[in-house]
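The structure presented is a predicted model; accordingly, all values stated were derived computationally and were not measured. Start at 1 with the first residue, then count along the sequence.
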Amino acid sequence: MKQAITYELLHVCKQSGARRGVIHTPHGDIQTPIFMPVGTQATVKAMTPEELKEEVKAQIILSNTYHLFLRPGHELIKEAGGLHKFMNWDKPILTDSGGFQVFSLGELRKIKEEGVYFRSHLDGSQKFISPEIAMEIEESLGADIIMAFDECCPYPSTYEYTKQSMERTTRWAKRCQVAHKNTGNQGLFGIIQGGFYKDLREKSAEDLIKMDFPGYAIGGISVGEPKEEFLDILRYVTPLMPANKPRYLMGVGTPDYLIEAAIAGIDMCDCVLPTRIARHGTAMTSKGKLVVRNGAYSRDFSPLDPECDCYTCKNYTRAYIRHLINTKEILGIRLLSIHNLRFLTKLMEKVRIEIENDNLLNFRDEFYQNYGYTKEN
């Protein structure tokens, strides 16, 4: 049977071991490594699909199963012809399983073997999501890549709790696989869990790989732990993942984490960070973060980043964007969102070129120096 999602390896960087590839999907090819903008509610905040394609040059976006389940409801989106038609996006889409959002509800949810009972954060109504229901929702949404329903451990968690959680995630992954019917049009990825315990991560990877998913993700890191712990688990787990399938690191969007993920051998990353900080008046630039709402930029008529090729930097000044942000004009948020998203997609374009040139470690060192990072060994 034809797989909906396949991975093609193009080059391995001799200097770093990072990989350059292509993920083939029903809605087009994705050049990797890649950063994926997040469209939680079937929209990347403040962006039109045309801007995402033409200005940001996004190849794939994410949407959120939990939020779309609550409103407008997956049945309505299915009736509209699926998420692609509903939101007018003709490129690939990935939907998460809703697991992270459900487990972050804390007191509002109860985890059982059959699934998770929780209260809606919108109106307090009682809801239930199981692996089978997650698959029903994700199949109705119709994304190219869908994620298995998993349990994301908080940081820190005890070994015993993490072990039980990881084993449940494995059982749920199997149930997702059994329930998932639309294999010709959607690729179901398994999610490796196990917290910050290497033996649990190894066991999770081993059991999920036996199930032969078309792709694999690392979940449960970048959840508030120190950077050295993040890097330790990232570098330990990624080599355990199949080399012939896409590797996805969930919830990562700072430039240093994106570069380190690529060096570790990751193909895909996502995060709400670029649009979130845009709403608070902050830009990512080649020289580090720039809080444009600050008074220092009131008469600064230069672009956010002279090295950036985005629509915002080609047409508007720091002074003007500061004015928009401080007067709470929507255009300010839109211009910063375009810039931040383009900054990260452009960063990953450079990463792909440097992998092909066997030069990624040199690029990292130079980028860190300009951005103001200290290199992590």
Could you please spell out the steps behind the salt bridge (charged side-chain N to carboxylate O under 4.0 Å, His left out) verdict for D207 and K203? CA-CA 6 Å; D207 290 344; K203 175 67 172 159; 3.2 Å; yes
Taking the side chain as every heavy atom from C-beta outward, state whether I277 and N340 have any pair of such atoms under 4.5 Å apart. yes
Under the criterion side-chain contact (heavy atoms from CB on, under 4.5 Å), I'd like the reasoning laid out for L208 against I192: C-alpha separation, chi angles, the key distance, then a yes or no. CA-CA 7 Å; L208 291 172; I192 298 166; 3.9 Å; yes
C13 versus D358, closest heavy-atom pair with distance: CA-OD1, 3.4 Å
Heavy-atom closest contact (R201 atom, G195 atom, distance): NE-O, 2.8 Å
Which pair of non-hydrogen atoms, one from R279 and one from K45, has the smallest distance, and what is that distance? NH1-CD, 3.1 Å
Q3 side chain to P214 backbone, donor-acceptor under 3.5 Å: no
Do K350 and F343 form a cation-pi contact, if we require the NZ or CZ to be under 6.0 Å from the six-membered ring centre and within 45 degrees of the ring's axis? no
Whether the side chain of R247 engages the backbone of G265 through a donor-acceptor N/O pair (distance < 3.5 Å, no angle test) should be reported. yes
Before accepting this row, confirm whether a basic side-chain N of the pair E132/R175 lies closer than 4.0 Å to the acidic partner's carboxylate O. yes
Could you tell me whether a side-chain N or O of S165 sits under 3.5 Å from a main-chain N or O of Y161, the two making a donor and an acceptor? no
I'd like to check I129 versus V116 (side-chain heavy atoms, cut-off strictly below 4.5 Å). Are they in contact? no
Tell me, do I146 and F189 make a side-chain contact under 4.5 Å, heavy atoms counted? no
What I want to find out is whether D90 reaches K53 closely enough, with some N-O distance under 4.0 Å, to be called a salt bridge. yes
Are the side chain of D256 and the backbone N or O of Y371 linked by a donor-acceptor pair below 3.5 Å? no
So which of D232, L240, V237 actually passes side chain to side chain contact (heavy atoms under 4.5 Å, CB included) with K198? D232
Centroid separation Y117 to F128 less than 6.0 Å: yes
Hey, does C152 have a side-chain heavy atom less than 4.5 Å from the side chain of Q193? yes
Do the side chains of L304 and I321 get nearer than 4.5 Å, heavy atoms only? yes
Report yes or no: does Y197 contribute a side-chain atom to a donor-acceptor pair with the main-chain N or O of Y159 at less than 3.5 Å? yes
Report the C-alpha distance between E167 and K163 in whole Å, list the side-chain angles of each, state the deciding distance to 0.1 Å, and finish with yes or no for salt bridge (charged side-chain N to carboxylate O under 4.0 Å, His left out). CA-CA 6 Å; E167 289 170 347; K163 183 173 186 289; 2.8 Å; yes
Look at atom CD of E366 and say whether more than 12 heavy atoms of other residues, nucleotides or ligands are closer to it than 6.0 Å. no
Is the shortest heavy-atom distance from the side chain of L344 to the side chain of P255 under 4.5 Å? yes
With side chain to side chain donor-acceptor pair (under 3.5 Å) as the rule and sequence neighbours excluded, what pairs involving residues 62-77 come up? N64-D96, N64-Q101, Y66-H121, H74-E136
Give a yes or no on whether a salt bridge exists between R171 and E113, defined as a side-chain N under 4.0 angstrom from a carboxylate O. yes
Mutual orientation of the aromatic rings belonging to F367 and Y373 [parallel < 30°, tilted 30-60°, perpendicular > 60°]: tilted
Heavy-atom count check: over 12 atoms from other residues, nucleotides or ligands less than 6.0 Å from I330 CD1? no
Inter- and intrachain pairs under side chain to side chain donor-acceptor pair (under 3.5 Å), touching residues 322-339, at least two apart: E51-R334
Between T238 (side chain only) and L234 (backbone N and O only), is there a donor and an acceptor less than 3.5 Å apart? yes
Answer yes if the ring centres of Y155 and F196 are under 6.0 angstrom apart, and no otherwise. yes
In plain terms, say whether D305 and K287 are close enough for a salt bridge, that is, a side-chain N and a carboxylate O under 4.0 Å apart. no
Does the side chain of E202 come under 3.5 Å of the side chain of Y236 through a donor N or O and an acceptor N or O? yes
Look at D144 together with K91 and state whether they make a salt bridge at an N to O cut-off of under 4.0 Å. no
Heavy-atom nearest pair, C176 first then P131, reads SG-CB, 3.6 Å
Could you tell me if N182 and N185 have a donor-acceptor pair between their side chains, going purely by distance under 3.5 Å? yes
Side-chain contact test, heavy atoms from C-beta onward, threshold under 4.5 Å: evaluate it for V22 versus T32 and give yes or no. no
Determine whether the aromatic ring centres of residues F230 and Y257 are separated by less than 6.0 angstrom. yes
Sidechain N-carboxylate O distance under 4.0 Å for E260, R364: yes
Residues R19, D267: salt bridge by 4.0 Å N-O rule: yes
For this output row, return yes or no: ring centroids of Y320 and F301 closer than 6.0 angstrom. no
Inspect the contact between R342 and E55 and indicate whether a charged nitrogen and a carboxylate oxygen are less than 4.0 angstrom apart. no
Do I93 and H27 make a side-chain contact, defined as non-hydrogen atoms from C-beta onward lying under 4.5 Å apart? no
With distance as the sole test, does Q126 use its side chain to make a donor-acceptor pair with the main-chain N or O of R119 at under 3.5 Å? no
Step-by-step salt bridge (charged side-chain N to carboxylate O under 4.0 Å, His left out) determination, D212 to K245: CA-CA 10 Å; D212 195 27; K245 296 182 178 183; 2.4 Å; yes
